[in-house]
Amino acid sequence: MNRFATVTKHRLFWPAAALVVLLVSNLFFSADFFAIRMRDGHLYGSLIDILRGSTPLVLVALGMTLVIATAGIDLSVGSVIAIVGAVACLRISELPDQNSVSGVLAAVGVAIVVALALGLWNGILVAVVGIQPIIATLILLVAGRGIAQLITDGQIINVRSDPYRTIGAGYALTIPVAVIIAAAVVAAAVLFTRRTALGLLIESVGSSPTASRLAGIQARRLTLIVYVFSGFCAGVAGLIYSSNISSADGNNAGNLIELDAILAVVIGGTALTGGRFSIAGSVLGAVLIQALNVTIYTTGIPNNVTLLFKAVVVVVLCLAQSPTFRAKVFPKRRKTTAQPAEVAA
Amino acid sequence: MTSVTEKSQEPRVERPSVARARRYGVNSRYVPVLATLVLFGLMYGIGIANYEGFSDTQILLNIFIDNAHLLTVAVGMTFVILSGGIDLSVGAVLALGTVIAAALLRAGWSPLLVIVVVLAVGALIGAAQGAIIHFFDIQPFIATLAGLFTARGLAHLISTKSIPITDEFWQTTATERIQLGGFRISPSALVAILIAIVAALALAYTRFGRNTYAVGGNQQSAGLMGLPVGRTRIGVYLLSGLCAALGGILYSFETPTGYSLTAQGMELDAIAAVVIGGTLLTGGSGFLAGTVLGVLVLGLIQTIITFQGTLSSWWTKIVIGGLLFAFILLQRIVTRREP
């Protein structure tokens, strides 16, 4: 009993349980849902598809997690995705040989530099100028789509480049390249935030920027860094997204992804008030949202009810995670472990 | 607010430092709104200097006419943000309002009944969000994001296609223009302005208004002071839902259709209007007059772009972003002394 309680209290328990329930429910609609096959040396299967499809959201949610940990928010990620895709595809379409690896690498490099610059712009507005994060990043959300359309001249740029296509749709060592890229970025982020003091410093800035500055932490520089990192993550997500469809769409690429990313972060147990974060939770949350999208698709729920279904899952999951809700609806049975009721909340 | 603080200090020894701090506090509260006003004037002046016919007062009234629904939605959003929350569902509730109105009118319901139903649905969604946020400690951002999904989902469920409104009352209200001296104004704009005035008075002079500020300032203190925190928090979301639904009705007057995809991203416009008006997103500080100015600023940006007339659709977005940036930066410099 005690061990069971320890497991259910873990902050990743409810999202993980929801993910398992969602995946298992797919069995009723396609019997070979869990089948993973080898074909031409590549792994195929619905689970692999979910994992690959979730990589842009995982990356965006990763950057968003650190931004939210500093009590900020980044609304501009969708626009960054659109701009990066536009820059990369424009450069590649101008190459004499679209299949040249060095040309594609140069294009990807330029696109990443643009993403870093956009992140820096957000960071300067928030950390140096001192504008509220939601408004500071709203500027790029609005203007960014226009910039992306300006770059593509309002058209959808299609490219035919095998090296570029590898990023989003290719395979390496039987695993999709996009998954490897996302895993590498996530691993690096975990390493830097949890094996060094960086994570602790970010959390202290999120709890109180003034107090952490007085304690000798360079709050301003840290804030700047997390926005640049968020821009970088959105940039990589933009490359994966546009490479997967081999085209840049300034208007629709990454549309509303900021809301899904914030949702993923919150499902993963990171509070929007800052000061505490869980990268594993955000990754789980992002995969969960992708699994939800795929499940809705495979179960044949009519398209116009999708949003209602999503709302129900969000509410149920957030209620399950809420300690207040559990205390009110499922009062503790054993008095020895009962804590004083949280009336103040 | 001042009378309360004075009363609580009566039995104590009056300290000059407290009095000085309070006087400074009262002054600095108005700085962000005044900054917005000055910058609005500046922008308006630039418009007059550059474009012929810009000085016509009708241009200002047209901003109200074009943004009546945004103003209504932003009024509700002001209460929510002042209480320290945020409401992402307003655009979706507005769209749901237009779809319900159009569907019921097509079914032959009387206009008055339709308006009542739409307002009731908006208030219900708002109150439900407030209750979830308050009783179960769900973050407002997430609860209202779920509200956004629910309202858009319901609107899709009713109809995925645009439903035209042919009702006579709707048609006449859409085209009606009320003469005010030499100027014309639409009934919708008049309703929106009226709502803004009533809300400003309510915020400044009623118990509910003061509770909203107190909850936004510090929820725990408000609770310890014996203020009805729960009723206030649920109240502000109810009000926001109600305003969004009313915005839906006004919007369906102007474009006589109900469509589930209208007003995408309007929640961000409303939040921007409130924040440009000098209200802090952390709650507890701000004025409704600021929100009205915020809506006017957004409308003026659109008007200037229309007067310029040569911008392609993507340049429009970039210019809006640029003007938003310039405005926020200027406001930041003007109010720099604020902590």
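Each chain gets a letter, A, B and so on, in the order its sequence line appears, and its residues count up from 1.
Heavy atoms of B:I138 lying under 4.5 Å from chain A belong exclusively to its side chain. Using a 4.5 Å cut-off between heavy atoms, B:I86 touches chain A through its side chain atoms alone. Using a 4.5 Å cut-off between heavy atoms, A:L141 touches chain B through its side chain atoms alone.
In terms of heavy-atom proximity, A:A311 sits nearest to B:A146 at CB-O, 3.5 Å. For the residue pair B:A272 and A:I135, the shortest heavy atom distance occurs at CA-CD1, 4.1 Å. When all heavy atoms of A:Q132 and B:V275 are compared, the closest pair comes out as NE2-CG1, 3.8 Å.
To the nearest 0.5 Å, the span separating CD1 on B:I318 from CD on A:Q149 amounts to 8.5 Å. Atom CG of A:L307 is separated from atom OG1 of B:T150 by 9.0 Å, given to the nearest 0.5 angstrom. Taking NE2 from B:H156 and CG from A:L308, the interatomic distance works out to 9.0 Å, rounded to the nearest 0.5 Å. A distance of 8.0 Å separates CG of B:L145 from CD1 of A:I262, quoted to the nearest 0.5 Å. Here the CG-CD distance, from B:L268 to A:E258, works out to 7.5 Å after rounding to the nearest 0.5 Å.
Between chain B and the options A:G146, A:G144, A:A148, the largest number of non-hydrogen pairs under 4.5 Å is found for A:G146. Counting heavy-atom pairs closer than 4.5 Å to chain B, the top-ranked of the candidates A:I131, A:L75, A:L263 is A:L263. Of the residues considered (A:L256, A:V313, A:V312, A:L125), A:L125 shows the highest number of contacts with chain B, using heavy-atom pairs under 4.5 Å.
The side-chain contact (heavy atoms from CB on, under 4.5 Å) with B:I142 is formed by just one residue from the set A:I267, A:V266, A:V315; it is A:V266.
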